Amino acid sequence: MSSTSPVSGLRASAQEVARPRPQMLRESFRDLSGTWGFAHDDADRGLAEGWSDGRALPREITVPYPPESPASGIGETGFHPVVWYRRELTADDLAAAGHAAGRRLVVHFGAVDYRARVWLDGTEVGGHEGGHTPFGLDVTDALAGDGPHVLVVRAEDDPHDVAQPRGKQEWRESPHAIWYHRTTGIWQPVWLESVAPLHITHLTWTSDLTRGTATALVELSRRADARVRVRIAHGDTVLGEAEAHAAGTEVSVTVPLTGQENDQEYDGLLWRPGKPTLLDAWASVEADGRTEDAVASYLGLRSVRTERGRFLLNERPVVLRSVLSQGYWPESHLAASEAELRREAELIAELGFNSVRVHQKIEDPRFLYHADRLGLLVWGEMPAAYRYSATAVLRTTAEWTEAVCRDASHPSIVTWVPLNESWGVQHLATRADQRAFAEALYHLTKALDPTRPVVSNDGWELGTSDLWTIHDYESDGAVLTGRYDLSEADLRASLEDIGPSGRRLRLDGTTDEGEPVMLTEFGGVKWTTGPAAADAWGYSEAASAEDYDRRVGDILRAVQGASIGSGGRPHGLAGWCWTQLTDTLQETNGLLTEHREPKLPVERLRALVTGEEPGRG
């Protein structure tokens, strides 16, 4: 890449405050977070009455917080299936985005739940279906006059539609059991960018450790006679550069990395917990002798696979110490500020976990950036629908495809989970169509990304799967020891039986090829430091701080003792996932309160999680 590239000074790996799309940065952009006009449209009359023309709306909301949350300034949690937003785009907004004559203005939405339609200056410019994945719209041709221009968004989120992927979002009036308040409308950042007509629309990174190369799949806005250039560096050291001719709208550029061909030195640049090396990268597209577009990015060199009951990272076995995270905050619900997302990743690492399972949520990319930066392993999971139908199949497949494609370049993501506990496919064990859907999701995920393990249905009733995963909320450590501290033959024989949940662990017709066995939900000890709500609960309950310490330690020690490597054992559990990181509404079984306050000193929790307690060893 030419040293005159407009992004040559940007280092995506070193963002102090992560941008909304941290792996694809341009020099100029405009964050549209803040105060917007807002209206509920419970009678769904806005379209007929012409609200899309940009007229003033009666209320104000703070974007990107959902209207159910206090942080939004609305804080109304009832049934509101349709909402409207309005924001003026000023000359300053366009200038900050770098817009000028001959360029294209794009408005990006991180996520709008569930179905969005968008207008600019009264002209409909596009829309999107899927509440957890991003979309961008070219609004240039709708710009009318000198401005200010008016951006209008209508979001439709039917609270009763359980064929809609919704994860932990409640379909009843109020939260119950393990479900939480709904998230309607805009809940991730909205921002403006100005680009040339020929520009990069998407960038995906893969690496081949055995050949010492990294490959960028660069997607372009249109066909052109152009060259795509890629440069990769570590700090001030350029590791490699390459270019390729753009024969279509997708261009693959493979970059040999200096030093990676030396078997005695290549390990130094690999990404892993404890040493999460990130490489800076830049991609540009050139046509007719000039640079049309350039973006800054980053990547991590690492591999992940399974073999002989072990989970391998960079061909080295690692036992996953995971925690279940709901990604939910009392003031902002599923949304969070950049500072909160950063602190969440830091807390997980401080508590001694090397991995996190973000549960029933496609998490904000800014969290994934901080996981990349800290060396935190992440399980990416699809939010479930709760009714099986052709509509649910189409919706889930489309949104999951977008999620995998969005996040495939993050080195932190090491496992994909398209289904959990047969949610949305409750008759998976007996209905051929539901089993076919689960199998199809597994193979679709492998087709989109063959580089990571896929769990076909986390918890039980597993068909084709790269991991055998079990959910077990037994509170007695001795019972857990009896279940999992087994010989290799007995542990694998137990997979053929009914699991702790009362459901088959593996479906008929599956074969055990030595895939790793993991306990991916367990624990869940309730303890509240103050008055508890009447509906507060956990899978077991502690009476005091001392009792909480004893119960958590008893359960963790049993699982740690049954894990690979404990006492030098060559087999056993390849990983585990404690439920859960924080209290979340009525679920008061977190290691932290909902305000992220530790229930025991952080040092004590870390000792329990890592097994590095005094007297153990």
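Source: prediction; values computed, not measured.
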Checking Glu124, Glu156, Glu129 against Arg117 for salt bridge (Lys or Arg N to Asp or Glu O under 4.0 Å), the one that qualifies is Glu124

Only residue of Arg19, Arg104, Arg21 satisfying salt bridge (Lys or Arg N to Asp or Glu O under 4.0 Å) with Glu193 is Arg21

Short side-chain to backbone donor-acceptor contact, [X] and [Y], under 3.5 Å:
| X | Y | answer |
| --- | --- | --- |
| Ser72 | Pro66 | yes |
| Arg86 | Arg55 | yes |
| Asp53 | Gly122 | no |
| Gln360 | Ala384 | yes |
| Asp466 | Val455 | no |
| Thr140 | Leu105 | yes |
| Gln23 | Tyr298 | yes |
| Thr258 | Leu239 | yes |
| Gln15 | Pro22 | yes |
| Lys361 | Leu334 | yes |

Given Asp157, which partner from the list Arg115, Arg182, Gln164 fulfils the side-chain hydrogen bond (donor to acceptor under 3.5 Å, both in side chains) test?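 It is Gln164; the other options fail the test.
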
Return the minimal non-hydrogen interatomic distance between [X] and [Y], and the atom names on each side.
| X | Y | answer |
| --- | --- | --- |
| Val414 | Val304 | O-CG2, 3.9 Å |
| Thr401 | Leu444 | OG1-CD2, 3.6 Å |
| Ala438 | Leu428 | CB-CD1, 3.7 Å |
| Pro411 | Trp271 | O-CZ3, 3.7 Å |
| Asn314 | Arg302 | OD1-CA, 3.0 Å |
| Leu467 | Leu462 | O-CD2, 4.1 Å |

With a 4.0 Å cut-off on N to O distance, would you call [X] and [Y] a salt bridge?
| X | Y | result |
| --- | --- | --- |
| Arg342 | Glu340 | no |
| Glu286 | Arg227 | no |
| Arg229 | Glu241 | no |

Mind running salt bridge (Lys or Arg N to Asp or Glu O under 4.0 Å) on Arg272 and Asp267 for me, showing each step along the way?
CA-CA 10 Å; Arg272 59 185 180 271; Asp267 189 66; 3.7 Å; yes

With no hydrogens and no angle check, just 3.5 Å: does a side-chain donor-acceptor pair link [X] and [Y]?
| X | Y | answer |
| --- | --- | --- |
| His132 | Glu399 | yes |
| Ser13 | Asp280 | yes |
| Glu292 | His199 | no |
| Asp449 | Thr451 | yes |
| Thr215 | Thr254 | yes |
| His149 | Asp93 | no |
| Asp92 | Thr90 | no |
| Ser412 | Asp372 | yes |
| Trp205 | Ser297 | yes |
| Gln169 | His333 | no |

- side chain to side chain donor-acceptor pair (under 3.5 Å) evaluation trace for His370 with Glu338: CA-CA 10 Å; His370 291 300; Glu338 201 279 342; 2.6 Å; yes

4.5 Å side-chain heavy-atom contact, [X] and [Y]:
| X | Y | value |
| --- | --- | --- |
| Arg211 | Leu257 | no |
| Asp41 | Trp51 | yes |
| Ile362 | Pro383 | yes |
| Val125 | Asp138 | no |
| Thr277 | His234 | yes |
| Val251 | Leu220 | yes |
| Met24 | Arg26 | yes |

Going through the checks in order, is the side chain to side chain donor-acceptor pair (under 3.5 Å) test met by Thr210 and Asp208? CA-CA 6 Å; Thr210 66; Asp208 187 332; 2.6 Å; yes

Exercise for the section: Over 60° means perpendicular and under 30° means parallel, so classify the ring planes of Phe135 and His128, tilted if in between. Expected result: parallel

Q) Which class fits the ring pair Tyr386 and Trp423: parallel under 30°, tilted 30 to 60°, perpendicular over 60°? A) tilted

task = Kindly determine whether Val218 and Glu250 satisfy side-chain contact (heavy atoms from CB on, under 4.5 Å), including the steps that lead there.
result = CA-CA 6 Å; Val218 183; Glu250 289 188 347; over 6 Å; no

- request: Apply the test side chain to side chain donor-acceptor pair (under 3.5 Å) to residues Asp161 and Tyr114: give CA-CA distance (whole Å), side-chain angles for both, the deciding distance (0.1 Å), then the verdict.
  value: CA-CA 11 Å; Asp161 185 355; Tyr114 168 73; over 6 Å; no

Item to complete: Drop me the distance from Leu192's CG to Phe29's CZ, to the nearest 0.5 angstrom.
Response: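 Atom-to-atom, Leu192:CG and Phe29:CZ are 10.5 Å apart.
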
Rounded to the nearest 0.5 Å, the OG atom of Ser337 sits from the CG atom of Asp364 at a distance of 10.0 Å

Do Trp84 and Trp119 make the cut of ring centroids closer than 6.0 angstrom?
yes

**Prompt:** Would Tyr85 and Val63 count as a side-chain contact (heavy atoms from CB on, under 4.5 Å) if you check the C-alpha gap in whole Å, the side-chain angles of each, and the deciding distance to 0.1 Å?
**Reply:** CA-CA 9 Å; Tyr85 298 81; Val63 167; 4.0 Å; yes

Checklist entry - Can you list the steps and then say if Thr306 with Glu515 is a side chain to side chain donor-acceptor pair (under 3.5 Å)? => result CA-CA 7 Å; Thr306 65; Glu515 291 84 358; over 6 Å; no

| field | side-chain contact (heavy atoms from CB on, under 4.5 Å) between Leu89 and Val150, worked out | value | CA-CA 6 Å; Leu89 304 182; Val150 180; over 6 Å; no

**Study point:** CA sep, side-chain torsions, deciding dist, call: Val106, Val139, side-chain contact (heavy atoms from CB on, under 4.5 Å)
**Key:** CA-CA 6 Å; Val106 180; Val139 301; over 6 Å; no

Tested for side-chain contact (heavy atoms from CB on, under 4.5 Å) against Trp379, the lone hit among Arg357, Arg452, His359 is Arg357

